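Note that the coordinates shown come from a computational prediction; the quantities given were computed from them, not determined experimentally. As the structure lists them, so they are numbered: ligands from 1, and atoms in each ligand from 1.
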Amino acid sequence: MPQRTPRKQARRPRRPQTGTRGRRGGVQASRMQRKKTVSVPPPNEGNIRIIPLGGVEEIGRNMTVIEYKNDIIVVDAGFQFQEENTPGIDYILPNTEYLEQNRDKIRALVVTHGHLDHIGAIPYIMDRIGNPPIYTRRLTGVMIKKRQEEFSHLPAIDVREIEGNERITLGNLPISFFAVTHTIPDSMGVIIETPHGDIVITGDIKLDHVDGVPTKEEQEEFALFKKRDVLLLLMDSTNVWQPGWSTPESKVFETMAEIIKQPQKGRLIIGTFASQLKRLVYIIQTAESCGKKIIVEGRSMKTNVEIARELGILKHKDDTFVPVENIEEYPPEKIIMLATGAQGDAYAALMRIANKTHKYFRLKPNDTIVLSSSVIPGNERAVQKLKDNLSRQGAHIITYQTGELHVHATGHGNREEARWIHQQIRPKFFIPQHGYHYMLRVHADLIQESVGMKETNIVIPDNSSIIEIQDGGKKIVRLKQKAPDALRVVEGDSISELSDVLMRDRRALGQEGFLVVVATIDRRTGKLQKSPDIISRGFVYLRENTELMNQTRLIINKQVNTLFKNGKRPNLDEAKEALSSSVSRFLLQKTQKRPMVIPVIVSI
Ligand SMILES: [Zn+2]
Ligand SMILES: [Zn+2]
């Protein structure tokens, strides 16, 4: 998946821990609770168990568990960035409680490629699941190790490199790998051999093709499935709802080369995802061949360029890269800047340029900006603002929607690519993954059509669904019981399980504001000592709503009188509850709003 720049890059998490840390204080912390987890019995002898712990109700936090007899293989460990409905958190993790309970059986974490939705959770979970060895290809391994350096308090991880079509045995399970096309080099699919047939996990996948005909390399790679008996396929569903074939990256390369080679008057700024490593390397090399200089802006972009250089994926002359401080020393038409933030990320390089807060760089009217990315759903407004602020400064902007220019291509295959892949692999059973529920559903329909699979051979999972292949490989079922699935999140330096109540509170506070009512009660008479105090933020402007506040005070007064009538001593919690619900009801009726009402009763 394309990836945004992490929101708070500079933050160095301390030791992750579960639980309720005091930083949120009182009411909210007490609502942050750990769901009671029940342990799940192991599969019956001979059954194969598959649990998608994440990535099947979203695009993000991919993680799949394959369990057979005494062995568990985990594939991928990604995280997800926060969404609009989870305010205040940094990342969402897969819930690994099931793996923590079965850590003795875990033989390995196998990682398909280096995107954060596949590697992001590693620093947060490895220690909890017993720190098994991580098997992956070279580039992915380097990216995992680089990230881990930011978590120096954690035990060392054991990353082992997989080469080519090498076959290894983990526990009692033979495993081999195959190369797949995606936006980052070294992406691979995984084949786990079982006595009932192979389990194939594609990872993120698209096809390299010319006008709908896969290239010779693709055809050769997939020919390996002709000899295999595939029991189960788990496959990327992200773009299966899109018709036809996706734009091949080679088209993007052609367009970028045209843009780079065109005579320019000003500087060329290319905003893209740092995870688009193949494209970055191509741009740099093309720029160099035209005698242009490259400036790299944004931390994740710098890291990835450095990794590509270290691994020899990127070769360049010594003077191709110049620091942004020296930009004025070169003629504008010789400068190409690669920048993060094409999604409108608040702190990324492009946003700083748009907001004129970049330390060394100011846009000039002849500059051209290429947004070499699509807009991730949810980021539309941020990207609009970014484009507005950039064009206000006179820059010319090219996006993937500008005319027929292919300045971006997705990393996930469209419908016809998926169909072609199904026909090469021809599995007996199918579990769509990597997508929202609708995308999985579309993918399930497609495979029935493309290889004539029966509906009963398909399971569309939810996160933490337990799926088993039973009866010696004859049928696939989803168990009634789920693996633990409470929402696990990273907030600053801690990992916690958030209840729905907490998220609802945060949304209410953000949308409707709050109101604190303080009732001071005379213990002897049971009457209000003085008129109740009302403190409010984000609800209504109190000074302009004195009438409403006076009426609210009357409601409080009435409620207190009822509660403490005839010397009654009500339970304090119940009294508070009664107070807040009568005030909430009244405010809803008067204003059609539901601010959070926090009652405070002081008795003197
Ligand atoms: Zn992905
Ligand atoms: Zn990916």
Side-chain angles (χ1 to χ4, degrees), residues 1-6 52-64 74-81 83 91-94 109-122 136-144 147 177-190 200-208 234-242 246-249 252 272-281 300 303-304 307-308 313 342-343 372-374 376-379 408-414 417-418 421 431-437 439-440 443 461 463:
M1 118 184 184
Q3 284 164 12
R4 292 179 282 167
T5 313
L53 288 178
V56 292
E57 291 180 44
E58 62 272 300
I59 293 175
R61 56 165 167 153
N62 294 289
M63 188 178 222
T64 310
V74 184
V75 179
D76 289 333
F79 67 28
Q80 187 191 3
F81 291 94
E83 291 188 321
Y91 312 117
I92 308 172
L93 302 176
L109 167 66
V110 177
V111 180
T112 58
H113 66 287
H115 285 162
L116 287 170
D117 59 324
H118 299 257
I119 66 168
I122 289 176
T136 190
R137 294 232 196 268
R138 181 129 183 251
L139 171 65
T140 318
V142 172
M143 294 182 89
I144 292 170
R147 260 189 101 234
F177 310 89
F178 58 103
V180 298
T181 303
H182 189 41
T183 56
I184 188 165
D186 277 2
S187 295
M188 65 177 193
V190 183
V200 176
I201 302 171
T202 61
D204 292 7
I205 191 168
K206 70 179 289 186
L207 289 174
D208 200 6
L234 293 113
M235 183 174 155
D236 177 2
S237 309
T238 313
N239 277 338
V240 171
W241 59 279
Q242 304 251 38
S246 69
T247 306
E249 189 67 17
V252 178
T272 190
F273 303 110
S275 58
Q276 292 274 2
L277 210 52
K278 285 185 184 170
R279 196 177 300 168
L280 293 179
V281 169
S300 51
T303 309
N304 285 0
I307 290 174
I313 296 168
Q343 290 298 316
S372 175
S373 60
S374 58
I376 297 174
N379 293 351
H408 177 67
T410 171
H412 309 270
N414 287 5
E417 287 154 274
I421 294 167
I431 301 175
Q433 55 178 186
H434 207 286
Y436 290 91
H437 186 81
M439 300 168 181
L440 309 190
H443 202 178
N463 289 334

(request) Might you work through the side chain to side chain contact (heavy atoms under 4.5 Å, CB included) test for N304 and I184, ending with a clear yes or no? (result) CA-CA 11 Å; N304 285 0; I184 188 165; 5.9 Å; no

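Of the residues listed (T136, T140, D204), the one engaging H113 in a side chain to side chain donor-acceptor pair (under 3.5 Å) is D204, and it is the only one. Of the listed residues (K278, R279, H408), just one forms a side chain to side chain donor-acceptor pair (under 3.5 Å) with E249, and that residue is R279.
Checked against the Zn ion (ligand 2), the N, O or S atom of H115 at the shortest distance is ND1. The atom of D204 nearest to the Zn ion (ligand 2) is OD2, with the search restricted to N, O or S atoms. As for H113, its N/O/S atom nearest the Zn ion (ligand 2) is the one called NE2.
The Zn ion (ligand 1) lies under 2.8 Å from an N, O or S atom belonging to D117.
Side-chain atoms of D236 come within 3.5 Å of backbone atoms of I205 as a donor-acceptor pair (strictly under, hydrogens ignored).
Ring centroid separation for the pair H443 and H434 does not come in under the 6.0 Å cut-off.
Rounding to the nearest 10°, we obtain 100° for the angle at the Zn ion (ligand 1) between H118 NE2 and H434 NE2.
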